[in-house]
Amino acid sequence: MRVATWNVNSVRARCERLLAWLEAHRPDVVCLQEIKCLDEQFPREPVEDLGYNIETFGQKTYNGVAILARTRIEDVVRGMPGDDESSQRRVIAATVGDVRYINAYVVNGEKVGSEKYAYKLEWMARLADYAHGVAREYEATVLTGDFNVTFDDRDVHDPEAWREKILCSTPERDALRRIQGEYYRDAMRKFTEEKGAYTWWDFRTGAFRGDRGLRIDHFLVTPAAHERAREFFVDREERAGEKPSDHAPVFLALD
DNA sequence: ATGGTGGGTTCCCCA
């Protein structure tokens with residue numbers, strides 16, 4: 001069974017690419033972030049025609065997340081405890097088969113020390129509480145998405161240039177470790193201890209040419225899911241070509 | 001130190 005996470009940076013702008021990618025890879029479960037549209041604007045029909053069930057938690061203009069699966073999607077939960085009607089829509093959770101999925105689009109944080117940065121750290125603390133509760137309830141849980149944080153310098157093409165910058169600062173990394181807690185492991189590290197496997201490259205600096213990327217899209221998995229992890233890869237091909245997202249899809253295969 | 005590009009919206013915000 002293969003699970004993919006992808007920050008699509010607008011599902012409508014990426015629709016053609018998404019459909020071709022679904023057809024080519026046929027992932028069993030897909031967690032999308034930044035769909036940037038209302039639920040009713042999601043291109044349901046072409047995705048359903050490829051055999052996917054769809055659950056969305058959309059928002060106008062910004063944010064928005066969705067789960068697609070080739071089998072039944074059950075017990076869908078939108079948002080987190082503490083959210084209200086006006087909250088940014090960044091989390092959707094559901095069960096597919098015997099695995100619980102939490103699909104998260106973590107706050108970007110703009111700049112270290114900014115208001116958005118403070119909000120990011122608060123938001124990550126809330127995600128930690130929520131994710132720990134889910135992990136206590138479901139033995140096999142996969143917490144995936146765009147975390148907008150690197151774990152350590154191996155996730156950064158140029159650690160000195162990014163030292164204590166947004167996506168790389170110590171408080172953000174501490175917050176990411178607190179989300180892991182004693183419950184979750186970084187599934188990628190089951191497969192390699194090497195630097196690289198970047199998942200995001202800045203449009204503005206043309207970072208993809210030269211592979212000046214960061215690894216900020218992650219699979220955090222409970223021990224039961226970690227045991228079942230068989231393969232991990234970043235679909236760099238999807239970052240190339242016409243009108244790509246700034247993120248590549250990331251795959252995890254589970255037994 | 002700044003700005004570069006890209007998506008969505010609307011006379012600018014967010015990443």
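- Between B:dC14 and B:dT9, the distance separating the two C1' atoms is 11 Å to the nearest Å.
- Here the C1' atom of nucleotide B:dG6 and the NZ atom of A:Lys243 are 9 Å apart, to the nearest Å.
- Every residue two or more places apart in sequence or in another chain that forms a side chain to side chain contact (heavy atoms under 4.5 Å, CB included) with A:Ala207 is listed here: A:Trp201, A:Asp202, A:Thr205, A:Arg212.
- Evaluation of the ring pair (Phe, Tyr, Trp, His ring centres under 6.0 Å) test over residues 213-233 of chain A, restricted to residues two or more places apart or in two chains, returns A:Phe147-A:His218, A:Phe151-A:His218, A:Phe233-A:Phe251.
- Side-chain N/O atoms of A:Thr150 and A:Arg173 include a donor and acceptor closer than 3.5 Å.
- The side chain to side chain contact (heavy atoms under 4.5 Å, CB included) check on A:Lys111 picks up A:Ser114, with sequence neighbours excluded.
- B:dA15 and B:dG4 are spaced 13 Å apart, taking the C1' atom of each and rounding to whole Å.
- Taking atom P on both nucleotides, B:dT5 is separated from B:dA1 by 22 Å, rounded to a whole Å.
- For A:Phe208 and B:dG4, the CZ to C1' distance is 18 Å, given to the nearest whole Å.
- The side chain to side chain contact (heavy atoms under 4.5 Å, CB included) check on A:Asp39 picks up A:Thr56, A:Arg89, with sequence neighbours excluded.
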Name the atoms and distances for all side-chain donor-acceptor pairs under 3.5 Å in residues 18-25 of chain A, with sequence neighbours left out.
unit_1: A:Trp21; atom_1: NE1; unit_2: A:Asp235; atom_2: OD2; d: 2.9
unit_1: A:His25; atom_1: NE2; unit_2: A:Asp235; atom_2: OD2; d: 3.3

Please list, pair by pair, any protein nitrogen or oxygen found under 3.5 Å from a nitrogen or oxygen in nucleotides 12-15 of chain B.
unit_1: B:dC14; atom_1: OP2; unit_2: A:Lys116; atom_2: NZ; d: 3.1
unit_1: B:dA15; atom_1: O3'; unit_2: A:Asn108; atom_2: ND2; d: 3.3

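- Of the two residues contacting DNA chain B, namely A:Val11 and A:Thr205, the nearest-nucleotide position lying further toward the 5' end is that of A:Thr205.
- Alongside A:Leu214, the hydrophobic cluster contains A:Val112, A:Tyr117, A:Leu121, A:Val156, A:Trp162, A:Ile166, A:Leu167, A:Trp200, A:Ile216 (criterion: ILVMFWY side chains under 4.5 Å).
- Rounded to an integer number of Å, the gap from A:Arg12 CZ to B:dG8 P is 6 Å.
- Across the P atoms, B:dT2 and B:dG7 are found 26 Å apart, a figure rounded to whole Å.
- Scanning residues 160-179 of chain A for heavy-atom distances under 4.0 Å to DNA chain B yields an empty list.
- Between A:Trp201 atom CH2 and B:dG6 atom P the separation is 16 Å, expressed in whole Å.
- Across B:dG3 and B:dG8, the matching P atoms stand 25 Å from one another, rounded to whole Å.
- A:Ala128 is linked by a side chain to side chain contact (heavy atoms under 4.5 Å, CB included) to A:His132, A:Ile179, counting only residues two or more places apart in sequence or in another chain.
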Requested in this report: Could you please spell out the steps behind the side-chain contact (heavy atoms from CB on, under 4.5 Å) verdict for A:Val149 and A:Lys120?
Outcome: CA-CA 10 Å; A:Val149 183; A:Lys120 179 180 196 172; 3.9 Å; yes
